[in-house]
Amino acid sequence: MFLTKNDHQPIANEASQAAKQRHLRNAVLGLCVMTAFATIAGFSNPTFTTVDNLFVVIRAASMTGIVAIAMSFLTISGNLFALSASSLGALIAVVFAVTTSSFGFPIGLALTFGVAVLCGLAQGITVAGFGNPIIATLAFGTVFRGFAAYLSGNSIVRIDSPAALWLGTARPFGVPTQSWIFMLCALVCWAIIRHTKLGRQTILCGSNPHAARASGLNLAFVTSSAFVFMSVGTAIMAILNVAQFSQAKADLFWGYDFDYIAAVLVGGIALSGGKGSPMQAALGAILIALLQNYMLLNGFSSGLRMTIVGALVVAAISVFHIMQGKVR
Amino acid sequence: MLRMTNIIKKYGPTLVLDEVQFAVEAGEVMALMGENGAGKSTLVKILAGLEIPQAGTIEIDGHTKHIRSPRDSHAAGIGYVAQELSIVPSLPVYENVFLGDNTLGILRTPRVLAKKAKPFLESVGLGNIDPLTYTESLSVAERQLVEIARLLSREARIAILDEPTAALSDAEIARVKSAVRTLAGRGCAVIYVTHRMPEVFDLTDRVTVLRNGNSFPALETKNLTVDTLIEEMLGRRLDNMFPARSDGLQEIKLQLSGVRGAGLRAPVSLNVRRGEILGLAGQVGSGASSVLRLIAGTIPLAEGHMLLDGAAFRPKNISNSKQAGIAYCSDDRKHDGIFAGRSVPENLSAPALSIISRAGFLSFGKERRLAEYISSRFGIDASYFSRLAGNLSGGNQQKVALGKWIGINPNLLLVEEPTRGVDVGARAEIYRHLRELANAGLCIIFASSDTQEVLGLADRVGTFFHGELVRTMDAADATVQQISKDVTHATEAMA
Amino acid sequence: MTNKENLAIGARFALMVIVYAIFAAQLQSYYTVAGVSALLTSAVLTGLICVGVAITMIAGEMDLSVGSMAALSGIFSVIFFPLGLIPAIVLATLICTLLGAIQGWCIHRLNINSVVFTIGTLIGIRGLCLFISGERTALIPFDRIAETDVLVAKLWILTPLSICLIVTFIVAEWFMSRTLWGREIYAIGGARDEARAAGVSLKRPTMIAFSISAGLAGLAGALLSLRAGSASPLSYETVVLEAITACLLGGILLSGGRGRLLGVAVGLFTIRLLVSGIAALGAPFWMQNLAVGALLIIVIASEAIAKIMVRRRELMSTPDLIR
């Protein structure tokens, strides 16, 4: 049915070349911004550029990054973002700790991912039917926290698993495991969005849900899968955290939701959905981690840090909005 | 009283109103007629302050008025009742009568305002409605009348009614007509935009016809006959836009027996054959598009049954009909026809993702070949591939919206308004490509409010008015005049 | 009010009575004067805030920053306390109202989704709280704490705070149904494009709705902080969830344009009776949150199901419906 390969190829090739060049240019720009920031920060505070601090930043960036990458699926699919990430993380951490200490590492891991997928499906189906992801995830967030408190008996749950400890603290080839996993997640998610049918469906549903439905796409399925991705990513982060500290408690990750949201926005993923790539969220997470680290080292109070992150979120939202030309 | 001179309106490169002249006197009812795309809606939207012309003047009672917003329009004494009603259903009736009126003070006692609203409601024939009831319990016709009551409450001197009776029953139409007479009786200049002959001849004093963005001097209704009016509206058009029809019958592909659903008042029975193009002619509210939606599965079948290739067919949603090999393209491509923020190849492959992927992974090679294939069939220049679909011209966007369905190799294509907002050159291309697809075996059903398009493109024609199928005939035996009469409900007994 | 509306409010009221009965059977405090007074007063925080949240929801928007706004007001009221009790409350509330007006103006001007925007301001204002208070709980000097005693005075089952709540509900209901501005809020929430086409201004009702929401949050924060004698920058984090649930339970639609404050009052007390009852029965704090979250999920799930069924019925019905 299709024409043979030889016709029209040169022109179409040109088109995709142009797109590739655009992506490359954006990535290089992002790297330049980061290097510039790091240099300036390094000059103003020498501690910033020590090796120890570098590892701190890399670990923090990796953890935030894994969740931000997962959250980007939600944003790209047109579902804004989830306010339940940190609470889900706490629940998963507790579940992992409890199951690992009872059944051992492998079974604990499997059960934990199972719970994560279930939580994702529950949120996805609710949002697919209800339509407002912010309110829905707000509600789910409190439920998750509540269950985390219940399961942990509102106290610290400790684990003693050599495998988990290795996972949380090792540095294969000098790079922390978290960062390996971060890079792996970034690559895998990028591949999913760009190269798989589900990824393309996610993009199309975010770009124009009406046209997507008219083309025969299943919006509910795409929304649910986006939430499952988010939940699995959050689970990975939570497991790594428990592995690192060998314990879990119900109030983990409190207040981190805004870092995740900021990472997605600062990375340049449009809130309206339908475009962007998990790589952007990864980049954004690194920037946010750098910023947080810099502020911490310079003794910024948590109040000031939160205000700055909040201002960044508001600024990013407003800038995107104005750029889209929707302003009155 | 109202005089519009040399109005020019462009949307990008498309000229919609070309030095239009339009005038209405106080106390008269002026019909504004013309085919879809002729510019009627745009002209009245300019008066309502919703569009701003590139050139031209508007004078009311000899004073030039600059109307740049709905507020200016209200201040100039113009009242506009659009096709989409501006009624808030969750508010009481009296609130809707006074909606947008800031002169009544901040405190609003329901009883006092309800009493104030009563006389206006009575003059439009809604005297039996309690102004305190919630507007959502009113029928569409009654809501329309509430909007007319709002015009009266604002002491509008120029009233514009855009297709006010498209969705109404005969009894309700009578109420609207009497409200219009009341308006005119009070010295209002009434502009009545319509395609319906019975009302034109019953209600109006004069008729202004718009054709392809050009205006013609107003005609006295009493001097017109149906035939002369239709000739005015149609004018002369390019005859070489349409490719030759096919000949030879093939087997019946789809059979509709007594089907009814939202938008259709009476059961419809139709057949379509393989390789045949069936054109459904009808204006706003005629039900032609409802037939397409029933087949596509976007509205449920209330009555009757459909047979596809002889087997019972009852789609519950788009996926069902897509699986059966049916492709559906709505009339609003901006809303659900294209992905404005994505590239052309991504648009073209959207319904065919399963075909261009294997084991869940996309093949960019296949996507490119599909895009090239569709573009060559539809005349989309391959240099557009890197562009976002939203940045293409109307004609190219329509080609993308239509073309993307080729990827799934459908055997039935349903299209609403195939060339809406498309310039003449692109129109001819689209007609040619559709005919080629039909000759290759594709069955096409399209709904259009453009009579000449229906006659030119289709092999068989069905005419619709007011939710009913008027008649079906072979295009070879039909005339433009006959189709126009059917869709405007003009009978020989008029004028 | 139509019959259908009356029925809906009646059903909600019945639910509230059932919840009350369940807990009153086990808790004596649910029917003693002191106990009822405490119940009413405990509803003041959520109550004042959910009036504001309800008004923004009716306008078709959402204000998620109310918790942070209340905390900010608490801190301001403690800072301004040297000026006197009433001036401190008034000043703190006015500042918040002004901030709300600015929010409303931004949301209108930027034509932005208010849910998204107020998440940003939620973070920012919370940060501002921490910054202004130096991350410490602001305290009223011990020697002047007696001046706040008037806030805990009792009049049968009422206290100044609960009187404030009742008056607020009455005034807000009057505002929404008897003034042009309130009607405009219903209009832009119920059918925004249609209202705009009819000439209703969008700026004014938006700014008014967000001013009221922030102002009431400010009032709540000020009253409660002064009554407790302290203001923590981290307080009132979970109020917004309870307020939204109370509104949805009370019949306010997320899509806007519908609902009465009377229904919100019923929803408010239903939740409060549930949460206070759970707490009085000895459940830990997180379980109260869990209950509210679960309740919200149930409410939105049922709204989704109801929406699907209404759509299905609509499509099957009269042929007069075009499109």
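Chain identifiers are assigned alphabetically (A, B, ...) following the order of the sequence lines, protein sequences preceding nucleic acid strands; residue numbering begins at 1 within each chain.
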Taking side chain as everything from C-beta outward and backbone as N, CA, C, O, which of these in [X] sits under 4.5 Å from a heavy atom of chain C? Side chain, backbone, both or neither.
{"X": "A/L138", "result": "both"}
{"X": "A/N154", "result": "side chain"}
{"X": "A/F144", "result": "neither"}
{"X": "A/I135", "result": "both"}

Let me know if [X] has heavy atoms under 4.5 Å from chain A in its side chain, its backbone, both or neither.
{"X": "C/E237", "answer": "side chain"}
{"X": "C/L122", "answer": "side chain"}
{"X": "C/L234", "answer": "side chain"}
{"X": "C/I244", "answer": "side chain"}

> How far apart are the C-alpha atoms of A/L271 and C/V116, what are their side-chain angles, what is the distance that settles it, and do they pass the side chain to side chain contact (heavy atoms under 4.5 Å, CB included) test?
Replying inline: CA-CA 9 Å; A/L271 263 185; C/V116 165; 3.3 Å; yes
> Do you know which of C/I123, C/L295, C/N113 has the most heavy-atom pairs under 4.5 Å to chain A?
Replying inline: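 Highest number of heavy-atom pairs under 4.5 Å: C/I123.
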> If you count heavy-atom pairs under 4.5 Å with chain A, which of C/N289, C/I112, C/T121 comes out on top?
Replying inline: C/I112
> Between A/L80, A/N132, A/V309, A/I317, which residue shows the highest count of heavy-atom pairs closer than 4.5 Å to chain C?
Replying inline: A/I317
> To the nearest 0.5 Å, how far apart are CZ in A/F147 and CG in C/L290?
Replying inline: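 The distance works out to 5.5 Å.
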> So how far is it from A/T142 OG1 to C/L241 CG, rounded to the nearest 0.5 Å?
Replying inline: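 Nearest 0.5 Å value for the OG1-CG distance: 4.5 Å.
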What are the two closest non-hydrogen atoms of [X] and [Y], and how far apart are they?
{"X": "C/L64", "Y": "A/I134", "value": "CD1-CG2, 3.8 Å"}
{"X": "C/G120", "Y": "A/V313", "value": "CA-CG1, 4.3 Å"}
{"X": "A/V143", "Y": "C/G293", "value": "CG2-C, 3.6 Å"}

>> Apply side chain to side chain contact (heavy atoms under 4.5 Å, CB included) to residues C/L254 and A/F130 and explain how you reach the verdict.
In response: CA-CA 10 Å; C/L254 208 57; A/F130 177 60; 3.2 Å; yes
> In this structure, are over 12 heavy atoms from other groups packed under 6.0 Å from A/F300 atom CZ?
Replying inline: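 Yes - once you tally the heavy atoms of other residues, nucleotides and ligands closer than 6.0 Å, there are more than 12.
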> Is the shortest heavy-atom distance from the side chain of A/L83 to the side chain of C/I119 under 4.5 Å?
Replying inline: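 Touching, per the 4.5 Å side-chain cut-off.
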